[in-house]
Amino acid sequence: SNPEVRQHGWSGAVSVEGGHSFALGNSNWRLEPQTQLVYQHLKLQSFHDGVRDVAQGSDNNLRGRIGVRLSHSKDFQRNPNVYFVANVWHDFVKA
């Protein structure tokens, strides 16, 4: 038995991010510390697959990030020629 089932729901996310670039002396290198918070919400309706009731409900997730970007360029009015990024993510609320 392979009944056709459909899942309906909605999700949304809000992200707030900040950072500021600092020159490293008189060189062509810049350092940019960054932070970010992301909130996600997922709501799914329950359904019946012909054998059992499936109820998902709703889930919330709050995730944070701290990081740094190191970039090098001869002309920072344009995109950097090369950059490196390091981030640490943390889940404050796991769905």
Side-chain angles (χ1 to χ4, degrees):
S1 73
N2 190 7
E4 180 181 325
V5 295
R6 294 177 186 223
Q7 175 66 279
H8 298 280
W10 66 274
S11 67
V14 175
S15 176
V16 177
E17 184 175 356
H20 189 277
S21 180
F22 299 96
L24 295 178
N26 291 329
S27 70
N28 292 330
W29 290 93
R30 296 184 75 82
L31 187 68
E32 181 180 340
Q34 302 173 342
T35 60
Q36 182 179 15
L37 272 177
V38 180
Y39 172 76
Q40 299 170 311
H41 179 77
L42 172 66
K43 172 110 174 112
L44 298 172
Q45 295 178 348
S46 45
F47 64 93
H48 187 74
D49 69 357
V51 177
R52 68 193 69 78
D53 288 320
V54 179
Q56 176 69 31
S58 63
D59 288 320
N60 297 296
N61 187 341
L62 181 62
R63 176 176 274 191
R65 174 183 71 87
I66 58 171
V68 65
R69 180 174 108 151
L70 179 65
S71 58
H72 181 272
S73 179
K74 293 183 179 178
D75 181 7
F76 275 102
Q77 300 301 325
R78 300 179 183 175
N79 290 333
N81 293 337
V82 65
Y83 66 91
F84 305 93
V85 177
N87 292 306
V88 176
W89 289 89
H90 179 72
D91 288 324
F92 295 103
V93 176
K94 289 186 181 182

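The figures here come from the full heavy-atom set of this structure, side chains too, leaving out hydrogens, waters and symmetry mates. This chain uses plain numbering: 1 for the first residue, then up along the sequence. Please read these numbers as outputs of a predicted model, since none were measured by experiment.
- Within the 4.5 Å cutoff, no side-chain heavy atoms of Asp59 are placed close to those of Leu44.
- Gln34 has its side chain within reach of Arg69: a pair of non-hydrogen atoms, C-beta onward, lies under 4.5 Å apart.
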Evaluation steps, side chain to side chain contact (heavy atoms under 4.5 Å, CB included), between Asn61 and Asp91: CA-CA 7 Å; Asn61 187 341; Asp91 288 324; 3.8 Å; yes

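- In this structure, the side chains of Trp89 and Arg63 come closer than 4.5 Å at one or more pairs of heavy atoms.
- Of all the heavy atoms in Ala55 and Ser46, the pair that sits closest is CA-CB, 3.7 Å.
- Side chains of Ser71 and Arg30: no donor on one and acceptor on the other come within 3.5 Å.
- Interatomic distance, CD1 of Ile66 versus CG of Leu37, reported as 11.5 Å (0.5 Å rounding).
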Side chain to side chain contact (heavy atoms under 4.5 Å, CB included) between Leu70 and Tyr83, intermediate numbers included: CA-CA 5 Å; Leu70 179 65; Tyr83 66 91; over 6 Å; no

Stepwise side chain to side chain contact (heavy atoms under 4.5 Å, CB included) check, Gln40 with Val38: CA-CA 7 Å; Gln40 299 170 311; Val38 180; 4.0 Å; yes

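- Atom-to-atom distance recorded for Trp29:CH2 and Leu24:CG is 9.0 Å, nearest 0.5 angstrom.
- Heavy-atom neighbours of His20 NE2 from other residues, nucleotides or ligands within 6.0 Å: at or below the threshold of 12.
- Counting heavy atoms from C-beta outward, Val68 and Val85 have side chains that stay 4.5 Å or more apart.
- Note that CD of Glu17 is 4.5 Å distant from CZ of Arg65, once rounded to the nearest 0.5 Å.
- Taking the six-membered ring where the residue is Trp, His41 and Tyr39 present parallel rings, their angle staying beneath 30° rather than reaching 60°.
- A donor-acceptor pair shorter than 3.5 Å can be found between the side chains of Ser15 and Gln36.
- Taken to the nearest 0.5 Å, the CH2 atom of Trp10 stands 9.0 Å off from the NZ atom of Lys43.
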